[in-house]
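Below: the structure, in structure tokens.
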Amino acid sequence: MIEPRTLKGFRDYLPEAMIPRERLIGTAQRVYRSFGYSPIDTPALEYFEILAGKGGEESDRQMYHFHDHGGRHVAMRFDLTVPLARFVAQHVNELGLPFKRYHIATVWRGENTQHGRYREFMQCDFDTIGTKSVAADIETALVIHELLSQIGATFGKPLPFTIRVNNRAVLSGLLSKLGLSDKSVALLRALDKLGKIGREKVAEEMVAAAGATPEQADQVLKLAELSGTNDEVLTQLGPLVAGNAQGEEGVERLRQILRGAKAGGVPEAALLLDVAIARGLDYYTGAIFETFLADLPTIGSICSGGRYDNLAGLFTKQELPGIGASLGLDRLLAALEELGMIDKVRTPAPVLIAFFDAARLDDYLRLAATIRAAGIGVEVYPEPKKLGQQLQYADRRGFRVAIIAGQREFDAGKCQVKDLATTQSSEAPLADADALVAAIRKCL
RNA sequence: GUGGCUGUAGCUCAGUUGGUUAGAGCGCCAGAUUGUGGAUCUGGAAGUCGAGGGUUCAAGUCCCUUCAGCCACCCCA
């Protein structure tokens, strides 16, 4: 016998896990489509050189790659953004610009696992390629906001969250003003930990790992420690980047994003300017976003993204700026689970027809077809077992309604519609589809 | 990738200083006079004690390796 098992960081999904997963995917699709993003897909496997070096050193280390049977050096995608850059560079002429797409697919990273962190997980990306307009930055914030709001609605409970926004141009501007441009990657990485390890340690790391002087570290930190309302922070940022064109533009752009998001319906408290977020991925150049759940911040960002004006430059001479974000489906599911927002339902259909009278299978099948025609999912129990057992089955799987019809009901031309949550039954005529469906709908 | 903690039935765990045929609760399956579930009662199935090796007269219990889970670092969804 071979022991059945799965690889570290890879998981099976049982029905009670897969049902909410599919609901979440459905919500994401609906929201993306409502903003005009179109679906695409790309291969799981790419040439190694396509993916290598695009997400920074860390991504390269975590990438699954190997030589295929034809001797090609291939790699599994570790995100959906780099494949998108290749995709757009390859197909711009067919696509036209600007191009908005969403992409919901599995990605792989060979990193160490942790709660909410897996080696195989699904991302739900949406991006706008081919425009530098701030309108696209604003829309990204709007989509994140709508997405998280709709997810709360889908799972029947509000899901409080905050989107944090920053602009790398502000940080870059300040760093170049301080003559630290060449050390920006290490500095931003240190800065990103501010909320976690505190000012002292970040300053130490900036000196030790990035080679900044204590004074320079202090100046960078001063920027990141600005606090107050969004407007207050914007006001304080002005003088700090004054004289550096990049920094000044960056602040102005943040101002526009915040204003636009408000106009687009994002409440002020939901979108916070946080000058400390930097993000590790090297390719971001402008606005950056992270989203945290108010009730479970420790699980990390569940929707992150930003603007990358140079990414496709490696694949084409044509300028292809872009912006987008990615919902971490599996991490979010782990969070929803922990927050008790996931029902333990193991059936996607709400109605079970009890197979009661062994001679009436055809009648049950006809009944099922009638109910399905009204758009309601129905399962006919496969064996004429004892009614008690069938009801127990219905109860445990999470069916909402049981339809019971035996000799007595058939003789009277009726069936019982039993609401499993309340245990109440009502009678509905077998011949009147509308009345029957109405009786079922009442219980759903 | 580095460091730490953990690993006994599907799940949560018990298992005395290493000592005979490894237990409980929940869950699962089947019954409790062939038409009504989530309660109760009865019975049943189910574990090569994560895997492999070693020490010992004897290992679930000690040692090593490996696999997996969790935590921290790193990084990130």
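Here is the naming used below: chain letters follow the sequence lines, and residue numbers restart at 1 for every chain. Fair warning: this is a prediction, and the values are worked out from it, not measured in the lab.
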- Message: Looking at Phe121(A), I'd like to know if the NZ or CZ of Arg331(A) sits under 6.0 Å from its six-membered ring centre while staying within 45 degrees of the ring's axis.
- Response: no
- Over how many whole Å does the gap from Arg119(A) atom CZ to C67(B) atom C1' extend? 12 Å
Show every donor-acceptor pair shorter than 3.5 Å between a side-chain atom in residues 399-411 of chain A and any protein atom, with sequence neighbours excluded, or say none if there are none.
residue: Gln407(A); atom: NE2; partner: Asp411(A); partner atom: OD1; Å: 2.9
residue: Glu409(A); atom: OE1; partner: Gly406(A); partner atom: N; Å: 2.9
residue: Glu409(A); atom: OE2; partner: Gln416(A); partner atom: NE2; Å: 3.0

- How many Å lie between NZ on Lys193(A) and C1' on C76(B), as a whole number? 13 Å
When you compare the protein's N or O atoms with those of nucleotides 31-34 of chain B, which come within less than 3.5 Å of each other, and at what distance?
residue: G31(B); atom: OP2; partner: Gln389(A); partner atom: NE2; Å: 2.9
residue: A32(B); atom: OP2; partner: Lys386(A); partner atom: NZ; Å: 3.0

- Task: If a protein heavy atom is under 4.0 Å from the base, mark B; if only from the sugar-phosphate, S; if neither, -; do that for nucleotides 6-11 of chain B going 5' to 3'.
- Result: ------
- Query: Stepwise, does the side chain to side chain contact (heavy atoms under 4.5 Å, CB included) test hold for Thr81(A) with Tyr284(A)?
  - Reply: CA-CA 11 Å; Thr81(A) 304; Tyr284(A) 292 116; 5.5 Å; no
- Query: Checking only heavy atoms, does the side chain of Arg117(A) share a donor-acceptor pair with the base of C75(B) at less than 3.5 Å?
  - Reply: yes
- Message: Please report the distance separating the C1' of A45(B) from the corresponding atom of G10(B), rounded so that it comes out in whole Å.
- Response: 12 Å
What donor-acceptor contacts under 3.5 angstrom involve side-chain atoms of residues 433-444 of chain A, with partners at least two apart or in another chain?
residue: Arg441(A); atom: NH2; partner: Ala374(A); partner atom: O; Å: 2.9

- ring pair (Phe, Tyr, Trp, His ring centres under 6.0 Å): pairs with one or both residues in residues 185-205 of chain A, sequence neighbours excluded: none
- Query: For Gln424(A) and Gly110(A), take the nucleotide of RNA chain B holding the closest heavy atom to each; which residue's nucleotide lies nearer the 5' end?
  - Reply: Gly110(A)
For nucleotides 64-66 of chain B, give me every protein contact, N/O to N/O, under 3.5 Å, one pair per line with atom names.
none

- Task: Specify the separation, in whole Å, of atom CG of Asn112(A) and atom C1' of C71(B).
- Result: 11 Å
- Residue set satisfying ring-ring contact (aromatic ring centres under 6.0 Å, His included) with Tyr381(A), at least two apart, ordered chain then number -> Tyr393(A)
- Message: For a stem of at least 3 consecutive Watson-Crick or G-U pairs with distances under 3.5 Å, i pairing with j, i+1 with j-1 and so on, which stems involve RNA chain B?
- Response: B:1-7 with B:67-73, B:10-13 with B:23-26, B:28-32 with B:40-44, B:50-54 with B:62-66
- Residues that Phe315(A) engages under ring-ring contact (aromatic ring centres under 6.0 Å, His included), provided they are two or more places apart: none
- Query: Any side-chain N or O of Lys8(A) less than 4.0 Å from the OP1 or OP2 oxygen of C70(B)?
  - Reply: no
- Query: Given the P atoms of G44(B) and G60(B), what is the spacing between them in whole Å?
  - Reply: 26 Å
- Between CD of Glu383(A) and P of C29(B) the distance, given in whole Å, is 12 Å
- Please measure how far the C1' atom in U12(B) lies from the corresponding atom in G43(B), and state the result in whole Å. 24 Å
- Item | Nearest-nucleotide 5' precedence on RNA chain B, Ile299(A) against Asp395(A) | Asp395(A)
- Message: Test of understanding: with ring-ring contact (aromatic ring centres under 6.0 Å, His included), list the residues that count as partners of Tyr118(A), not counting sequence neighbours.
- Response: none
- Message: Contact list please: residues 396-418 of chain A against RNA chain B, heavy atoms, distance less than 4.0 Å, in numerical order.
- Response: Arg396(A), Ile404(A), Gln407(A), Arg408(A), Glu409(A), Gln416(A), Lys418(A)
- Please report, rounded to the nearest Å, how far the C1' atom of A39(B) is from the CG atom of Leu391(A). 15 Å
- Per the atom types in the model, does the base of C76(B) pair as donor or acceptor with the side chain of Arg109(A) at under 3.5 Å? no
- Task: Name the nucleic acid region contacted by Tyr393(A), choosing base, sugar-phosphate or nothing; use a 4.0 angstrom heavy-atom cut-off, strictly under.
- Result: nothing
- Task: Decide, yes or no, whether a salt bridge links Asp218(A) with Arg199(A) under the criterion of side-chain N to carboxylate O below 4.0 Å.
- Result: yes
- Short side-chain N/O contact to A72(B) OP1/OP2 from Gln114(A), under 4.0 Å: yes
- Task: Sticking with atom C1', work out how far G18(B) lies from A59(B), rounded to a whole angstrom.
- Result: 6 Å
- Give a yes/no on whether any side-chain N or O of Thr113(A) is located under 4.0 angstrom from OP1 or OP2 of C70(B). yes
- Query: Expressed in whole Å, how much space separates the P atoms belonging to U34(B) and C28(B)?
  - Reply: 24 Å
- Describe, in one word, how the ring planes of Phe355(A) and Tyr364(A) are oriented to each other, choosing from parallel (under 30°), tilted (30 to 60°) and perpendicular (over 60°). perpendicular
- Query: Any ring pair (Phe, Tyr, Trp, His ring centres under 6.0 Å) pairs touching residues 424-444 of chain A, not counting sequence neighbours?
  - Reply: none
